[in-house]
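Since we're looking at a predicted model, the values are computed, not measured. Here is the naming used below: chain letters follow the sequence lines, and residue numbers restart at 1 for every chain.
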Protein chains: 2
Amino acid sequence: MTDHPPRTRIQQRNRETILGAALEVFSQHGFRGATLDQIAQAAGLSKPNLLYYFPSKEAMHEALLAGLMDTWLAPLRALDPGGEPLDEILGYVHRKLLLSRDFPRESRLFANEILQGAERIRPTLEGELKTLVDQTAAVIAGWAREGRIAPVDPYHLIFSIWALTQHYADFDVQVRAVLGAGKDDPFDGADRYLATLFRRLLTP
Amino acid sequence: MTDHPPRTRIQQRNRETILGAALEVFSQHGFRGATLDQIAQAAGLSKPNLLYYFPSKEAMHEALLAGLMDTWLAPLRALDPGGEPLDEILGYVHRKLLLSRDFPRESRLFANEILQGAERIRPTLEGELKTLVDQTAAVIAGWAREGRIAPVDPYHLIFSIWALTQHYADFDVQVRAVLGAGKDDPFDGADRYLATLFRRLLTP
DNA sequence: GTCTATAGAAGGATAGAC
DNA sequence: GTCTATCCTTCTATAGAC
């Protein structure tokens, strides 16, 4: 017994193809800007065939968002309150940057959602996300109180990690326009820069 | 003789009303997600009346973007190569944060545009913006070479200033969801946090 | 200048053949 | 399961009265 009706291999494969195409299109145009025609073309399927696998455009979008939040919060969950403070925070920054590098479309899907009011995920932000951030902020505040890192507002510290890592995915076009064509991968430079930044910020 | 045909006061006022409404709607839904109905309602005018003042939806969007880039780059242009390095950079951070606080809709309009591929402003990014950043990066690199600030990649420094300041406007919904209702203005905390961050990063 | 009415195109979703 | 054809709604833009 599973949560969902059993699916053949071909059904499973098509659902994944469609979700991949939907991610591509939604992340580039936002929910309202995306069209089923674009998704169908990206998936190599007909428009009605999309709607055989998902009841609506909305359902595709929800399916993408549902899986996203856990992936996005995993690096923060992996922060160990018992570890060495600076290593833990630098490790979080590094993991979050890798996530932006390897899943830029997911990052942009999320950014589109927040930017446009987050109506579909506001409950998650105010619930699950806030709870996790509150816990982590308490840990970081404890480290600062013990003098193991320099004193710093833990909430703004977390915001700054999000802003700095996601910037390279969400504003990729601008970053590459400014750096020019012949440069290294922006993410390599970012990794070194961010390690330096947070080391200098947090070293007591 | 002016660049444009003369306009009555009422025409001028209506154009501004429409652009204000368009900014509200475009910044929240992106270009394709916005509708003329929404803009008309926000402006308190009929839909055909909008199209009496602007030839198309596209024209409204372009009018907004045209004015935006200069406003957005002004704080960077105000950075004085002859000034005290740390003060100049901290001053830039502060001005940029104020801009995000006072013009969050403009920030989100810009973010929507970049996020969705920046097709309408890519030439400006690769031309005017890149030139200005290259010049500023050279100034900052010089300061670092002279030991007046700590060594740091000037391009990633500028990216980090953009990311950190615009985050509070673009991801406002998420910031407020995490901080909860009863807290201070996020921008107050951000101002103090960012000053600390860049001071610790850049003090030699 | 501003409106009502509507043309014409595009988009989401369904019917029904295969 | 997958397609063609099509319905119905929404959207941009225009026509034309006032």
Side-chain angles (χ1 to χ4, degrees), chain A residues 4-66 109 112-113 116-117 119-120, chain B residues 2 4-65 109 112-113 116-117 119-120:
Chain A
H4 302 283
R7 293 198 183 97
T8 65
R9 265 183 303 280
I10 195 168
Q11 277 175 327
Q12 192 58 39
R13 200 176 59 81
N14 274 345
R15 278 183 62 93
E16 284 164 16
T17 301
I18 291 169
L19 284 180
L23 174 59
E24 184 70 28
V25 177
F26 283 138
S27 66
Q28 197 163 5
H29 301 291
F31 177 74
R32 293 186 56 181
T35 71
L36 288 182
D37 277 318
Q38 290 173 306
I39 298 172
Q41 181 163 15
L45 297 169
S46 71
K47 199 161 50 166
N49 207 2
L50 259 55
L51 295 166
Y52 171 79
Y53 287 97
F54 293 89
S56 68
K57 178 185 175 184
E58 178 80 35
M60 295 176 206
H61 195 243
E62 277 176 13
L64 286 171
L65 285 180
L109 179 73
N112 262 303
E113 194 60 21
Q116 302 184 5
E119 290 190 17
R120 301 159 215 272
Chain B
T2 61
H4 301 284
R7 294 199 181 94
T8 67
R9 267 184 300 280
I10 195 168
Q11 277 176 327
Q12 194 56 40
R13 201 177 57 82
N14 274 345
R15 277 182 63 92
E16 283 164 16
T17 301
I18 291 169
L19 285 180
L23 174 60
E24 184 70 27
V25 177
F26 283 139
S27 67
Q28 196 162 7
H29 300 293
F31 178 74
R32 293 186 56 181
T35 71
L36 290 181
D37 275 318
Q38 292 172 305
I39 298 172
Q41 180 164 16
L45 297 169
S46 72
K47 201 161 44 167
N49 208 3
L50 261 54
L51 295 166
Y52 172 79
Y53 287 96
F54 293 88
S56 67
K57 176 184 174 183
E58 178 79 35
M60 296 176 205
H61 195 243
E62 277 175 14
L64 287 171
L65 285 179
L109 180 73
N112 262 303
E113 195 59 22
Q116 302 184 5
E119 289 189 18
R120 299 160 216 270

With a 4.5 Å limit on heavy-atom distance, are the side chains of A:Y53 and A:N49 in contact?
-> yes
From [atom1] of [X] over to [atom2] of [N], roughly how many Å is that when rounded to an integer?
X     : N      : atom1 : atom2 : result
B:I39 : D:dA13 : CD1   : P     : 10 Å
A:K57 : D:dT9  : NZ    : P     : 18 Å
B:D37 : D:dT12 : CG    : P     : 7 Å
A:F26 : C:dG11 : CZ    : P     : 14 Å
B:Q38 : D:dT12 : CD    : P     : 9 Å
A:H29 : C:dA10 : NE2   : P     : 16 Å
B:Q41 : D:dT10 : CD    : P     : 15 Å
A:L50 : C:dT14 : CG    : P     : 13 Å

Take B:L45 and A:K47, find for each the nucleotide of DNA chain C with the closest heavy atom, and name the residue whose nucleotide sits nearer the 5' end.
-> B:L45
Could you report the tightest heavy-atom contact between [X] and [Y], atom names first, then the distance?
X      : Y     : result
B:Q116 : A:G30 : NE2-N, 4.3 Å
B:L19  : B:A63 : CD2-CB, 4.0 Å
B:A43  : B:T17 : O-CG2, 3.6 Å

Think [X] has a side-chain N or O under 4.0 angstrom from the OP1 or OP2 of [N]?
X     : N     : answer
B:S46 : C:dC3 : yes
A:Y53 : D:dT2 : yes
B:T8  : C:dG1 : yes
A:N49 : D:dG1 : no
A:N14 : D:dT2 : yes

Please work out if B:L36 contacts a base, only the sugar-phosphate, or nothing of the nucleic acid, heavy-atom cut-off 4.0 Å.
-> sugar-phosphate
Base, sugar-phosphate alone, or nothing: which one does B:A34 contact when heavy atoms must sit under 4.0 Å apart?
-> sugar-phosphate
What's the closest nucleotide to the side chain of [X] if the choices are [options]?
X     : options                : answer
A:L51 : C:dT14, D:dC11, D:dA15 : C:dT14
A:Y52 : D:dT2, D:dT14, D:dC3   : D:dT2
B:T35 : D:dC3, C:dG1, D:dT12   : D:dT12
A:I10 : D:dG1, C:dA15, D:dC11  : D:dG1
B:P48 : D:dA15, C:dA13, D:dT4  : D:dA15

Between CD of B:E113 and CZ of B:F26, what distance do you get to the nearest 0.5 Å?
-> 10.0 Å
Assign the ring pair B:H61 / B:F31 to parallel, tilted or perpendicular, where the plane angle (0 to 90°) is split at 30° and 60°.
-> tilted
